[in-house]
Structure formats: structure tokens, C-alpha cells
Amino acid sequence: MPAKFITFEGVDGCGKSTISKEVCQALIDMGHEVEWTMEPSENWLGDQVRRSYSEEISPFTEAFLFLADRATHTDRIRKHLADGKIVISDRYSDSTIAYQGALLSDELIKQGIDSVDWLWELNNRIIIKPDVTFLLDIAPEISLERLNTREELSKFERQGYLEKVRANYLRIASREDRYVIIDATQAKQTVLNEVLLILKEKV
Ligand code: TMP
């Protein structure tokens, strides 16, 4: 079965937005019909998610905001796939498992629950499983240096936190065959070439 639903994941500053857009264009140039999409979404649901970045909210509220956005995003993805298109998403369910998993781990472990497993289970009720997921892997120490040129970092962009997020991604990758780990410290063109080489075999 050719790959139809492709996701890009990684910590802040890993370069996935640029790479996923260029991959989308490359697949279009190869003659495929492709939809590029992202989370948080570019609509009112995504706006509420983005608004939460600067609010003091419960980490559970934050997780459910991402999930609410994802449920509707998934409906759009389902429609594109039914139309025979390839869908490329810049972030999807693994972002919640990695990021909110890191945020909720201390709280949930007190209840004897593994936050990654719990969010995994919640997401599984909502999502379409991607055919391929590219993890653009990079140490947060390096990715944050890239972001430091921007004026203000968001609450997600702290090194200690992103190290937990990265560890969660690597944990998900170790149990999911769909994962391809790419060294995102390489030059952008090298990362792009590696992704396209793999995708040419899969789409
Ligand atoms: P972006 O930097 O790719 O635009 O993503 C926005 C931020 O939101 C980024 O710091 C990662 C975070 N995020 C989560 O914490 N959980 C999620 O489920 C998603 C989709 C993003």
C-alpha cells in the first residue's frame, strides 16, 4: 500500500515546518495531489490552542485543547484521503503524546499512570494512524540556539522540558514501525534529500 498520510514531528526549532512544505512541493512536482496541513490548525480551534500558550491553564486543559483541535483536523484529513490525496501534516497526535506527556508525567505517575500511554490511548480514539512519521531529531540545546534569534520563546521552548519531549518522541519511535528518524542537525538540503529518498520508495 502506498503511503498516503505522512507526518513530521520534532522539538521546537528542528526545522520540520520548512522541510514538510518543501517535501509537499517536491511531491506535487512529481505529479501527486498533496495537501499540506498543520497543528495547531489555522482556524478558530487552533486560535484557542495558541491563545492557551500565554495563559495559566491546567495541563489537562491544555492537552484537551490540542485533542479538540485534532478531532476536527482529523475529519479534514479523512476527507482529503477519501479524495485520493496525499496528506502531509506538520505535527499530529505524537506531538501531544510527547509534549503533554512530558508536562503531565509527574502528576499522573502519582496516580500510577504513565502519561505517554494515557495520551496514546486518548489519541487512538480520535486519530488516523499515519503511514510514515519523520522525526527530525535534534538536541534541544542546538534547536533552541536556532530559535534564540526570535524575539520571545514560548512556554514550550525551555531546554529541560524539550529534553523530556525528545525522550518521549524517541520512545514512541522505538515502538512504531512507521517512524523514520532523521538527524536534523544536518544541513537543510541533506535533511530534505534523505526524506525524499525514503518517500520516493513509499508513495
Ligand atoms: P509549532 O512550533 O510547530 O507551530 O507548534 C506549536 C507549539 O505547540 C510547539 O511548541 C509544540 C506545541 N504542541 C504541543 O505541545 N502539543 C501538540 O499536540 C501540538 C500539536 C503542538
Side-chain angles (χ1 to χ4, degrees), residues 5-24 36-77 87-105 107-108 115-116 118-130 133-169 171-172 182 184 191:
F5 182 27
I6 301 152
T7 58
F8 283 82
E9 296 283 354
V11 297
D12 298 74
C14 70
K16 66 181 172 34
S17 298
T18 312
I19 296 290
S20 65
K21 282 180 189 158
E22 295 202 12
V23 167
C24 176
W36 182 92
T37 177
M38 65 180 256
E39 286 191 13
S41 302
E42 293 173 294
N43 59 23
W44 69 271
L45 282 163
D47 289 344
Q48 301 318 304
V49 175
R50 277 182 289 274
R51 183 175 164 186
S52 76
Y53 297 173
S54 52
E55 302 280 345
E56 286 284 322
I57 56 162
S58 148
F60 287 100
T61 308
E62 180 182 297
F64 285 116
L65 278 171
F66 282 112
L67 279 160
D69 181 28
R70 179 157 312 121
T72 299
H73 181 212
T74 300
D75 286 343
R76 288 199 302 281
I77 294 170
V87 177
I88 294 181
S89 189
D90 174 359
R91 295 198 183 283
Y92 193 53
S93 51
D94 297 337
S95 285
T96 303
I97 298 167
Y99 278 79
Q100 279 62 53
L103 204 61
L104 286 166
S105 59
E107 180 60 33
L108 286 175
S115 58
V116 164
W118 185 69
L119 288 163
W120 182 275
E121 190 52 39
L122 283 178
N123 269 283
N124 271 349
R125 308 290 135 222
I126 293 170
I127 64 162
I128 298 167
K129 205 175 180 108
T133 297
F134 289 98
L135 173 60
L136 302 196
D137 185 47
I138 186 167
E141 194 185 340
I142 305 171
S143 72
L144 283 176
E145 250 170 53
R146 292 180 179 174
L147 290 172
N148 268 336
T149 47
R150 286 203 332 233
E151 267 174 26
E152 208 182 317
L153 295 181
S154 80
K155 69 176 175 187
F156 300 113
E157 295 168 342
R158 294 185 309 265
Q159 189 176 328
Y161 175 54
L162 288 182
E163 273 159 11
K164 290 187 194 162
V165 173
R166 184 190 189 198
N168 283 345
Y169 271 130
R171 189 175 150 200
I172 303 166
I182 305 278
V191 172

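Everything numeric here is computed off the predicted structure, so don't read it as measured data. Both ligands and their constituent atoms are indexed starting at 1 by order of listing. These numbers come from the heavy atoms of this one structure, side chains and all, not from hydrogens, waters or symmetry mates.
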What are the polar N/O contacts of ligand 1 with the protein below 3.5 Å, with distances?
from     : atom 1 : to   : atom 2 : distance (Å)
ligand 1 : 3 (O)  : K16  : NZ     : 3.0
ligand 1 : 3 (O)  : R91  : NE     : 2.7
ligand 1 : 5 (O)  : R91  : NE     : 3.1
ligand 1 : 8 (O)  : Y53  : OH     : 3.0
ligand 1 : 10 (O) : D12  : OD1    : 3.2
ligand 1 : 10 (O) : D12  : OD2    : 2.6
ligand 1 : 15 (O) : Q100 : OE1    : 3.4
ligand 1 : 15 (O) : Q100 : NE2    : 2.9
ligand 1 : 16 (N) : Q100 : OE1    : 2.8
ligand 1 : 18 (O) : R70  : NH2    : 3.1
ligand 1 : 18 (O) : T96  : N      : 3.2
ligand 1 : 18 (O) : T96  : OG1    : 2.5

Any chance you could measure D94, atom CG, to N168, atom CG, to the nearest 0.5 Å?
10.5 Å
If you define the side chain from C-beta out and look only at heavy atoms, does anything of S95 sit under 4.5 Å from E9?
yes
Under the side chain to side chain donor-acceptor pair (under 3.5 Å) test, which residues partner K129, sequence neighbours left out?
E176
Determine whether C14 and Y169 make a side-chain contact, defined as any pair of heavy atoms from C-beta on separated by less than 4.5 Å.
no
Minimum side-chain heavy-atom gap W120-S93 below 4.5 Å
no
Heavy-atom distance under 4.5 Å between the side chains of Y92 and H73, does that happen here?
yes
